[in-house]
**Student:** 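Have a look at the structure that comes next, please.
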Amino acid sequence: MMTRFTLTPRKTATLTCLLGLGFGAAFGTIQANAAETAQAASYTKLELTASGSVQAPPDQLAASFRAESRSNSAAAAQKAVNTQVSKAAEQAKQANGVKYAISHYSVSEMRDDKAKNAVWTASQDLTFTAPDGEALLPLTGQLQANGLILEGLDWSLSPDKQKALQLEAEKAAVTDLKKQADTLAATLGLHVVRFERISLSGSPYPRPIFMAAMARSSMDAAPAPSSTAETQTVHASVTATVLLAP
C-alpha cells in the first residue's frame, strides 16, 4: 500500500525554513573555514627543535651469570648445571630484596676428529636484580665462588622510574620550546599565536656495564665485586611549527 503525503502551505513553509537553515549553517561553516585558512596563510611559520634532560641516580643493579659444565656425558653435564642453578636460586631467596630470573638453557656436543669421546657442554643463564648493591654484590661474590661465570654487572633505571623521568625530560623540552618561540618572536617583532604539528621523542638512556665476564678460576678466595652507581641522564626532544603574527 502506498502512502501519500500532501504538503500544505504551512508544511511547505516549514520545510523551506528548515532547508534554508541547513544551507545557511553549511554556508556559514564554509565561510568560517575559508576565513581561518586565509588567516593562517598570513601567519609567519617558524620551525623549532628543543631538548630537555633530567639526571637521577639509578635504582636497579643487575648481575648476569652463566652456569656451565662440560663432561663426556650429556647427563653428567646437565646434572652439574642443574645443581649450580638450583643452589644459586636458593641463595638468592635468602638475599633481602634480590629477584632472580632463570632463562636460556642449552646443551651441545663438541667432537674432535682426534678425540675418541665427545665432550658435552650444558649451560643456563641467570639474572639477579636488586634496587642497590647491599645484598646483590655479596651474593654475586658467593655465586662466583660457587663456579658461576659473571658475564655482566650494570646499573640502570627501573621501568617505573624511567617512565617518570622521561615525562620530566619532555616537560623540560616543551619549556625550552616555548622559551625559544617567545624569544625569537620578540626578536622578529611578532608574537606567538599558537603551536601546531608538535612531535615528542626520547632517546635511550645509557646502561653502563661496569664489569665484563670473569673466569671462575680467577675468583677463588677473591672478595665480592664492587660497582659504583653513576648518575643516569634521560633525554627528550620536541619539534613544532610555531605560528607568528604581528
Side-chain angles (χ1 to χ4, degrees), residues 28-64 97-101 103 127-137 140 151-213 225-246:
T29 301
I30 293 173
Q31 283 185 316
N33 290 339
E36 184 177 353
T37 301
Q39 186 179 21
S42 67
Y43 293 149
T44 298
K45 293 187 176 182
L46 182 64
E47 302 291 338
L48 289 179
T49 298
S51 61
S53 63
V54 291
Q55 292 186 324
D59 63 339
Q60 181 172 275
L61 178 61
S64 303
V98 175
K99 297 180 180 179
Y100 67 92
S103 54
T127 302
F128 302 85
T129 58
D132 53 52
E134 184 175 349
L136 183 55
L137 291 177
T140 298
E151 295 193 310
L153 186 64
D154 66 286
W155 287 94
S156 64
L157 298 171
S158 64
D160 288 342
K161 189 168 185 178
Q162 182 194 358
K163 184 177 180 180
L165 291 176
Q166 188 65 52
L167 181 58
E168 290 300 316
E170 291 172 353
K171 288 169 61 177
V174 170
T175 299
D176 183 37
L177 179 72
K178 291 173 63 178
K179 183 178 180 180
Q180 286 190 48
D182 291 336
T183 301
L184 294 175
T187 302
L188 293 170
L190 304 172
H191 73 276
V192 175
V193 177
R194 69 172 184 271
F195 293 85
E196 67 176 13
R197 298 186 186 131
I198 298 176
S199 176
L200 282 165
S201 63
S203 59
Y205 64 94
R207 293 176 60 89
I209 296 177
F210 295 90
M211 187 176 296
S226 59
S227 180
T228 303
E230 295 186 357
T231 300
Q232 305 281 303
T233 303
V234 177
H235 301 276
S237 62
V238 57
T239 59
T241 300
V242 188
L243 302 183
L244 307 178

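These numbers come from a predicted model, not from an experiment.
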**Student:** What pair of heavy atoms forms the shortest contact from A172 to G52, and how long is it?
**Tutor:**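 Smallest interatomic distance, heavy atoms only, reads CB-CA, 4.0 Å.
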**Student:** Among E170, E168, Q55, Q166, which one satisfies side chain to side chain contact (heavy atoms under 4.5 Å, CB included) with V234?
**Tutor:**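 With V234 as partner, side chain to side chain contact (heavy atoms under 4.5 Å, CB included) holds for just one option, Q166.
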**Student:** Could you check whether atom CD of E196 has more than 12 heavy atoms from other residues, nucleotides or ligands sitting under 6.0 Å from it?
**Tutor:**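 Yes, the 6.0 Å shell around CD holds more than 12 heavy atoms from other groups.
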**Student:** For K161, I'd like to know if atom NZ has over 12 heavy atoms of other residues, nucleotides or ligands within 6.0 Å.
**Tutor:**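 Yes.
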**Student:** Answer yes or no: is there a donor N or O on one side and an acceptor on the other, between the side chain of H191 and the main chain of A245, under 3.5 Å?
**Tutor:**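 Yes.
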**Student:** So, taking the atom named CG in D160 and the one named CG in L165, what distance separates them when rounded to the nearest 0.5 Å?
**Tutor:**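 So the gap between those two atoms works out to 11.0 Å.
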**Student:** Can you name the nearest heavy-atom pair linking V242 to L48, along with the distance?
**Tutor:**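 So the two residues come closest at CG2-CD1, 3.8 Å.
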**Student:** I'd like to check L136 versus F128 (side-chain heavy atoms, cut-off strictly below 4.5 Å). Are they in contact?
**Tutor:**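 Yes, side chains in contact.
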**Student:** For residues A185 and L244, report the shortest heavy-atom separation together with the two atoms involved.
**Tutor:**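 Shortest heavy-atom separation between A185 and L244 comes out as CB-CD2, 3.8 Å.
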**Student:** Going by heavy atoms in the side chains, are L200 and V174 under 4.5 Å from each other?
**Tutor:**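 They are in contact (side-chain heavy atoms under 4.5 Å apart), so the answer is yes.
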**Student:** Are any side-chain N or O atoms of D59 and backbone N or O atoms of S158, one a donor and one an acceptor, separated by less than 3.5 Å?
**Tutor:**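 Here the side-chain-to-backbone pair exists.
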**Student:** Would you give the length of the straight line joining atom CZ of F195 to atom CG of L46, rounded to the nearest 0.5 angstrom?
**Tutor:**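 Nearest 0.5 Å value for the CZ-CG distance: 9.0 Å.
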**Student:** Indicate the atoms forming the closest heavy-atom contact of P58 with L157, along with that distance.
**Tutor:**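 Smallest heavy-atom distance, with atoms named: CA-CD2, 3.8 Å.
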**Student:** Nearest 0.5 Å please: distance from the CG atom of L190 over to the CG atom of L243.
**Tutor:**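 So the gap between those two atoms works out to 11.5 Å.
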**Student:** Which heavy atom of T49 sits nearest a heavy atom of T239, and at what distance?
**Tutor:**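 So the two residues come closest at OG1-CG2, 3.3 Å.
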**Student:** If I compare all heavy atoms of S53 with all of T233, which pair ends up nearest, and what's the gap?
**Tutor:**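 Scanning both residues, the minimum pair turns out to be CB-CG2, 4.1 Å.
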**Student:** Which value, rounded to the nearest 0.5 Å, describes the distance between L177 atom CG and S51 atom OG?
**Tutor:**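 Interatomic distance, L177 CG to S51 OG, rounded to 0.5 Å: 10.5 Å.
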**Student:** So, taking the atom named OH in Y43 and the one named CZ in R194, what distance separates them when rounded to the nearest 0.5 Å?
**Tutor:**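 If we round to the nearest 0.5 Å, Y43:OH and R194:CZ are 5.5 Å apart.
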